Structure formats: C-alpha cells, structure tokens
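Data block below; observations after.
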Number of protein chains: 2
Amino acid sequence: MEDIFQNIRIDTSSLVDKVESNLIELFVEKNFKVGDAIPKELELAQMLGVSRTVVREAMLRLRLMGLIESKKHRGAVITSPDLVSILEKSMNPKILDENTLKEIFEMRLSLEIGMADFIMARVTPEDIAALKELVASEPGASGQVIFQIEHEIAFHGKLYEITRNETMKKFQRMLLPVFDYVHKSGLLRKHTATKDFVSHQGLVEIIEHGTPEQLRNGMRNHLENHFARLFE
Amino acid sequence: MEDIFQNIRIDTSSLVDKVESNLIELFVEKNFKVGDAIPKELELAQMLGVSRTVVREAMLRLRLMGLIESKKHRGAVITSPDLVSILEKSMNPKILDENTLKEIFEMRLSLEIGMADFIMARVTPEDIAALKELVASEPGASGQVIFQIEHEIAFHGKLYEITRNETMKKFQRMLLPVFDYVHKSGLLRKHTATKDFVSHQGLVEIIEHGTPEQLRNGMRNHLENHFARLFE
DNA sequence: TACCTTTATTATGTCATACATAATACAAAT
DNA sequence: ATTTGTATTATGTATGACATAATAAAGGTA
C-alpha cells in the first residue's frame, strides 16, 4: 500500500544514463564482437538523437568500464572487459586508506595459499625448469634488498602464471604498486627474525614432487613473516 | 644505451589526463577531506586554465573511480573510494566473457581455501554460535535447490565475515550475481555425484577445535565438486 | 620496383557559448 | 507556522567551430 509512492517515482536518470544503456543494447543487438569498430561519435549522436556531448560522455563511461577502447583520432573498438583492468585505474595507493591496503594484502596472502590446486593441476615441465632457473639466479641473503624484492616478485609472479588464470595474474600485477607502497610506507613493520621457513627452493621441490596440500602448507610457511606481522 | 628511445618519447597523454591528475593533486594538496565540497566546474576550469568540457570529463573519471560523488545541479563532494564499489559498476555478467567468469570463480575458490588462517585467528565464540545456528536450519538434501543455494551463500558469507576483512567480504558480495549467472547459464555442468565431502557441519567443527591447516584441507574437500568440474 | 615525402582526409580532442533544468534558499501569502 | 511562489545557481545538454593526430593516397626519387 505504501507502494503508491514508489509508483509515482519519476525517472530521475539523466540523458547520459539512457544513452549509456542504449549503446550497450545497440552493441549487443548488432552482435558486435571484440575488435569490431563502432560508429563514430557523430553518427551515434544522430542515430540516438542526442548531441555529441552526451555520446562522448556515455562512451567515456563505457571506456572506463572496459567495454570499449578508443584510439586517439581513430575511433573506438569493442573490447572484452576484465575485472582487473577496471580496478587498475583506481588502484592509486594514495587514495586508498591504510586499512583497505592492509586488507588487500591479506587477500593476496589468501590467494597465494589457496591457488595451490591450480598450480599443481596445470604446471608443466617447462614451468618447473623456469622456476629452477629463477631460484638459481637468486641473490643471496647478503644481496641488495632491491634485487631480493625483484626476485620475490618474479618468483611469485611465475606462480600466478602457472595457474593459467589471467584474472589472478592481472590481479597480482595490479597489486604490485600497492605492495611497493605498503613496504615503503612502513605500514607493515620490518621483518621479524627469519626462521627456517620454506624457501623458494623448497616450494619448487614441492611443486615438482608434492601434492596440493603440501604446497598450501609450504606456501603458508613461506609467508609466515607476513602473517606474523599481521597478527602481532 | 637503448634508453635514447625512451628519452625522446613525447608526452602522449591528453589534456584530460593531466587535468585528472592535477585535480587529485589539488585535493590532496588542499587537504580536502571526505564530505568536503569541491569548487564548481567553472572555477576549476579557470583555475587550471582549461575549458569546462575538459574539467567535466576529468571529473567524470574521478566519479567513476569513486573519488568524488556529484549531486545533480548541486556540485560534488569528496568521497572515500573502496576497491569493490568501483568494480560493482562493471560487474555486469553479460559483458564479461565466459572465460573471465570461470577465472573469477577459480579466484573465489582459492580465496576461500586460503583465508583459513584469518578465520582461525579472528573467530569468536559468537561466530561459532552463529555458524551452528546456520547449520541447524539447513534444509535437507531433499529441500528445494533454491533454499540450498541460499544457505550455501549464507554460510560462506558468514565465513568471509569472520575474516573481519571488509574488502574480501565485499568482494564476495559483489561476486554473488556472477555465480548466480554461472549457475543459471550452465557454464559449469551439474554436480557430479556427491561423495562424502566435508559438510558445513564438519567445517564448523574444524573451526571450533581444529587448526588452520585442517580448515584449509576441509574447505578444499568441501569444494571438491567445483574443482572436479573445473578439472574434468 | 621499392622506398621516402608530401598532401589530403577524417575522427577525435578541445574550446566557447548558450540555454534548459533541477536543487536550494528566501520571500510572500495563506 | 506551513505552504507556495520566485530567484538564484550549478550542472546538464546542445551546437558549432577549430586543432590535432592517425591514416591513406598521391607523388617523387633512387
């Protein structure tokens, strides 16, 4: 009965809102596929009976959503949006508050432990060779911190790659600047004393000869430093 | 030495790009806080020496990034963006291709297995009581599928909540429509025969009396159906 | 022929201006 | 005091113009 107020609610959406959905409809309807060029702004404006201003703004939204990609002065094409490229634009560590950064970090840890099954199911001999290569060229404990971090990133990046899951891989790449920031900002205190946790070398051995369960546990131990800091 | 090519690379960013970062700088510099109103478009245009068109487009980006929120005809205010609300806008399952959906699904599985440590570290007696409550009210195997799925969501949602990680929790909430779509679209085939995997009941017992490692393994088993379908 | 340079074309990027519209504040009226 | 009208203001939308950069076409040189 109180719905009477809902029923008389008028359409508050702006013209751009409508054009935005109209454009999506149009693309779906005309069965545009990835890579197809879309009509130029002026044509779209005429087709929809609005000004180029509105079309431009609607298209900008689609671009930020990752639905289209436009090249300067040469038109736009349909693209397949993925979660992560959308996020990328907003991943400016300066505008995320500290707690969010910490939570993202926790998410990363969870992901790396939980992806063991995908690694074990999809790893190839070539991957293992590549991992061994990486481990062999690792700088020792006496090496410069910068290179250690670089290797850390390379090794874990390779693990993401082995999952053959592009979304996760991109997720990781996207987070790199965040972790960089986390490290530099001292958001997480310095390493606690390094005990004999599972090394990269150890992880590779598990991947070659072990089980998903072992890899999960190994990874958990490998990340012990981070957990210790989070839980301290 | 090959850097010579990098050095002569000219600035390819558009005016809007620059204005976008200038605006962010401006807000940081002037120490604008959440809720503060920002100058009107015309003022910003004059301050930055560009047209209102450009300012509008840059502000639209900030809006889609979740940095500001603008009310019609009444100006814009600073807001605090979080990762997930940004994604939400683009999480239209219709515009994500099947493979991306599958990858997101895999990400979810990884996350739920990997978050065991956070659950065990932060679970409270109240949480356990709530979980038991949920399990007790579960519909039997003969119940309607809809209610089973609802309970599945409620139970796993509670687990995310126990991590006390808002980002993960929101991530999960955000993904619900996707999974809904995944189920309905038949992207994943129907359940394989249900063996004696770890039940919700079993998970609760582990959470109450077990270790993170046991929880990871229990969760892995609980999700066996999904893994089986992914790896088949 | 093959390759380089110039020119022409074209769609987007940017600007300036004008007007419509909706949100608010304030005055006026009951 | 509550309602209603009115003015103000910032944004929403439209229009037309020009600048610029990406390509294609044309032309010239070896």
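Bear in mind that the values here come from a model prediction, so they are computed numbers and not experimental data. Proteins come first, then strands; the chains are lettered A, B, ... in the order of their sequence lines, and each starts at number 1.
- As a whole-Å value, the separation of A:Q46 CD from D:dT15 P is 11 Å.
- The interatomic distance linking B:E20 (CD) with C:dG13 (C1') rounds to 16 Å, in whole Å.
- In this structure, B:Y160 has its ring center at least 6.0 angstrom away from the ring center of B:F118.
- In this structure, the CZ atom of B:R74 is 14 Å from the P atom of D:dT8, given to the nearest Å.
- A close approach under 4.0 Å does occur between a side-chain nitrogen or oxygen of B:R56 and OP1 or OP2 of D:dG12.
- Following rounding to the nearest Å, A:K71 (NZ) and D:dA22 (P) show an atom-to-atom distance of 12 Å.
- Screening A:E43, A:E41, A:Q46 for a side-chain hydrogen bond (donor to acceptor under 3.5 Å, both in side chains) involving A:R52 leaves a single residue, A:E41.
- At whole-Å resolution of the value, NZ in A:K72 and C1' in D:dA19 are 13 Å apart.
- In this pair, B:F105 and B:H226 present their aromatic rings perpendicular. The plane angle is above 60°, beyond the 30 to 60° band.
- Atom CD in A:E41 sits about 15 Å away from atom C1' in D:dG16, given to the nearest Å.
- Of the two residues contacting DNA chain D, namely A:V50 and B:A76, the nearest-nucleotide position lying further toward the 5' end is that of B:A76.
- Taking atom CE on B:M59 and atom C1' on D:dG12, their separation rounds to 13 Å, with Å as the unit.
- The nucleotide whose nearest atom lies closest to any side-chain atom of B:H73 is, among C:dA23, C:dT14, D:dT15, C:dA23.
- The ring of B:H156 has its center no closer than 6.0 angstrom to the ring center of B:H151.
- Here C:dT14 is the nucleotide among C:dA23, D:dT13, C:dT14 with the atom lying nearest to any side-chain atom of B:L15.
- In this entry the distance linking CD of B:E69 with P of C:dA23 reads 16 Å, nearest Å.
- In this model, a side-chain donor or acceptor of A:R52 finds a partner on the base of C:dG13 within 3.5 Å.
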